[in-house]
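Take a look at the structure set out below.
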Amino acid sequence: MLQCIFLLSDLGEVMLEKQLTGHWVDRSICSWFWDQSIAQGDSFKHLPVIASPTHYLFQVNREGVTFLACTQVEMPPLMAIEFLCRVADVLSEYLGGLNEDLIKDNFVIVYELLDEMIDNGFPLTTEPNILREMIAPPNIVSKVLSVVTGNTSNVSNTLPGATGSCVPWRKTDLKHSSNEVYVDLVEEMDATINRDGVLVKCEVFGEVQVNSHLSGLPDLTLSFANTSILNDVRFHPCVRLRPWESNQILSFVPPDGQFKLMSYRIKKLKSTPIYVKPQITSDSGTCRINLLVGIRNDPGKTIDDISVQFQLPPRVLSADLTSNYGTVNILSNKTCTWSIGRMPKDKTPSMTGTLMLETGVERLHVFPIFLVGFKIMGVALSGLKIEKLDFKNLPARPYKGFRALTRAGKYEVRS
């Protein structure tokens, strides 16, 4: 049972406080948390569960906002962490983003959402589609009306129709003029390549995203061609666990609109779609850099939005970098970005240049780490494929569409 939730800015300011039970949690716990965060650095921010002298703390960080929950009683830690992640996702969807200004500008709506999402310390309604029926998302018209009428509440006077249903994430009387459903495989590739060009780690984090507009109460079955490669799967509450455990099939009654049906991880991939080869030599107060980018394994689709970003070492005074393709930008904070875009067919993109070191520094001792970005439409590099999507309880055959997207996550090349 959670007793209190705080929303902290990236400077430690308490933006919002929500007491959940009759036990009052003093704000001094936030001061203790922030002092520990400053003293221990980034490692403290990555701890999901923290034991303070008086409370157990659970934290989730999103876009510079820290969601901090407190309790003094024993409870499953994953429930608290999952709930904070749900709160962050719902606020991001409602407000069109997540930052300090958006939370302060929509203070009332954030409070109303928390009132509906948790009751007496226990999670209650966390499905975005149902929350949207109960609390209207902010818009310009509602803000103008609240100023004119003085009524700042966005809460509906009637309960959603799904409140008493066996499928609380979906209305019972939905009707659409055109029945359609779209399924997207969205994957992010994390990879680490050492200074010798050897692939140290490569794995994919993926999501199955669904956009459903189906009438009535449809029953869907989604199957994959190769489920044996999946690890660490997580499901939307609409998924029935027994068909997955027995036959690796997703059976579900979908919410209306967009939602994340499933997330997964695929470990120990053997190859990456592109290579980045850095060569750095330094002597006599200067450093010479040469960077090559090319296709390692052709995925069969066009690779777009290719970029390479790195931080110039602290002992570098200035840099003169040029490329034979794309553009190179160096910001005031010494962040260098080489934007290539789509891979050309007639040349291998390369970037060369000279770095000038500080006076008295002969050689470079700290070498940069190169962060690579790319996007590939139409293919899931993990090898996961959708086999078929079947429907039940629908009067007519709906339209269905499938897409795939792979993009770079934390893709590092060390030099």
(request) Take Thr337 and Asn329 through the test side-chain hydrogen bond (donor to acceptor under 3.5 Å, both in side chains) and record every step on the way to the result. (result) CA-CA 5 Å; Thr337 303; Asn329 294 311; over 6 Å; no
(message) Apply side-chain hydrogen bond (donor to acceptor under 3.5 Å, both in side chains) to residues Asn61 and His46 and explain how you reach the verdict.
(response) CA-CA 8 Å; Asn61 296 286; His46 296 149; over 6 Å; no
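- Rounding to the nearest 0.5 angstrom, the gap separating the CD1 atom in Ile249 from the OG atom in Ser223 is 6.0 Å.
- Residues Ile289 and Pro278 fail the side-chain proximity criterion, which asks for heavy atoms closer than 4.5 Å.
- Using bins of under 30°, 30° to 60° and over 60° for the plane-to-plane angle, the ring pair His55/His23 lands in the tilted bin.
- Between Leu217 and the options Leu174, Leu394, Val253, Asn393, a side chain to side chain contact (heavy atoms under 4.5 Å, CB included) holds for only Val253.
- Looking only at side-chain heavy atoms (C-beta outward), Tyr56 and Glu74 come within less than 4.5 Å of each other.
- Counting heavy atoms from C-beta on, the side chains of Leu381 and Pro273 come closer than 4.5 Å.
- In terms of heavy-atom proximity, Cys202 sits nearest to Thr272 at SG-CG2, 4.0 Å.
- Between the side chain of Asn194 and the backbone N or O of Asp196, at least one donor-acceptor pair lies under 3.5 Å.
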(request) Take Leu389 and Leu220 through the test side-chain contact (heavy atoms from CB on, under 4.5 Å) and record every step on the way to the result. (result) CA-CA 7 Å; Leu389 177 63; Leu220 276 62; 4.2 Å; yes
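- The shortest side-chain heavy-atom distance between Gln3 and Trp24 does not fall under the 4.5 Å cut-off.
- No close placement of the Phe58 and Phe83 rings is indicated, their centers lying 6.0 Å or farther apart.
- For the residue pair Leu98 and Glu63, the shortest heavy atom distance occurs at O-CB, 3.2 Å.
- Remark: side-chain polar atoms of Asn106 are not paired, donor with acceptor, to backbone N or O of Leu95 under 3.5 angstrom.
- Relative orientation of the Trp244 and Phe224 rings is perpendicular, given thresholds of 30° and 60° on the angle between their planes.
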(request) List the steps and the verdict of salt bridge (Lys or Arg N to Asp or Glu O under 4.0 Å) for Lys410 and Asp190. (result) CA-CA 5 Å; Lys410 190 177 181 181; Asp190 290 356; over 6 Å; no
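- Atom CD of Glu17 and atom CG of Leu68 lie 11.0 Å apart (nearest 0.5 Å).
- Looking only at side-chain heavy atoms (C-beta outward), Ser263 and Val233 stay at 4.5 Å or farther from each other.
- Here the closest heavy-atom approach between residue Ile280 and residue Pro368 is recorded as CD1-CD, 3.8 Å.
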(message) I'd like to know whether Lys375 forms a salt bridge (Lys or Arg N to Asp or Glu O under 4.0 Å) with Asp304, so could you lay out the CA-CA distance, the side-chain angles of the two residues, the decisive distance to 0.1 Å, and finally the verdict.
(response) CA-CA 5 Å; Lys375 182 178 72 175; Asp304 292 313; 6.0 Å; no
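- Here Arg240 pairs with Asp219 in a salt bridge; the nearest charged N to carboxylate O distance falls below 4.0 Å.
- Looking only at distances, no side-chain donor or acceptor of Glu13 sits under 3.5 Å from a matching main-chain atom of Leu8.
- Not less than 6.0 angstrom separates the ring centroid of Phe252 from the ring centroid of His236.
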(request) Give the intermediate values and the outcome of side-chain contact (heavy atoms from CB on, under 4.5 Å) for residues Phe6 and Lys18. (result) CA-CA 6 Å; Phe6 298 99; Lys18 178 66 175 173; over 6 Å; no
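- Between the Ser246 side chain and the Arg242 main chain, a donor and an acceptor come within less than 3.5 Å of each other.
- Between Pro123 and Ile118, the closest heavy-atom pair is N-CG1, 4.0 Å.
- Judged by distance alone, the side chains of Asn120 and Thr21 never bring a donor and an acceptor atom under 3.5 Å apart.
- In this structure, a donor-acceptor pair under 3.5 Å is present between the side chains of Thr335 and Asn333.
- The backbone N or O of Phe44 lies less than 3.5 Å from a partner atom in the side chain of Gln59, making a donor-acceptor pair.
- Ionic pairing of Lys267 and Glu203 is not present here: no N-O contact between side-chain nitrogen and carboxylate oxygen is shorter than 4.0 angstrom.
- Using a cutoff of 4.0 Å between basic side-chain nitrogens and carboxylate oxygens, Arg265 and Asp232 are scored as salt-bridged.
- Salt-bridge formation is detected for the pair Arg414/Glu412: a Lys NZ or Arg NE/NH1/NH2 atom is positioned less than 4.0 Å from an Asp or Glu carboxylate oxygen.
- Looking at Ile330 and Leu321, their side chains come closer than 4.5 Å, going by heavy atoms from C-beta outward.
- Across Glu387 and Ala225, no two heavy atoms sit closer than the pair CB-N, 4.0 Å.
- Checking side-chain atoms of Glu187 against main-chain N and O of Ser382 turns up a donor-acceptor pair under 3.5 Å.
- Distance alone, capped at 3.5 Å, places no donor-acceptor pair between the Lys385 side chain and the Asn226 backbone.
- Judged by distance alone, the side chain of Arg170 and the main-chain N or O of Gly216 form a donor-acceptor pair under 3.5 Å.
- For Lys104 and Phe107, the positive end is not near the middle of the six-membered ring at less than 6.0 Å and at most 45° from its axis.
- At a threshold of 4.5 Å between non-hydrogen side-chain atoms, the residues Val65 and Glu100 do not count as touching.
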(request) Apply salt bridge (Lys or Arg N to Asp or Glu O under 4.0 Å) to Asp89 and Arg62, showing your working. (result) CA-CA 9 Å; Asp89 291 340; Arg62 294 282 184 89; 2.8 Å; yes
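- The heavy-atom pair separating Val90 from Thr126 by the smallest distance is CG2-O, 4.1 Å.
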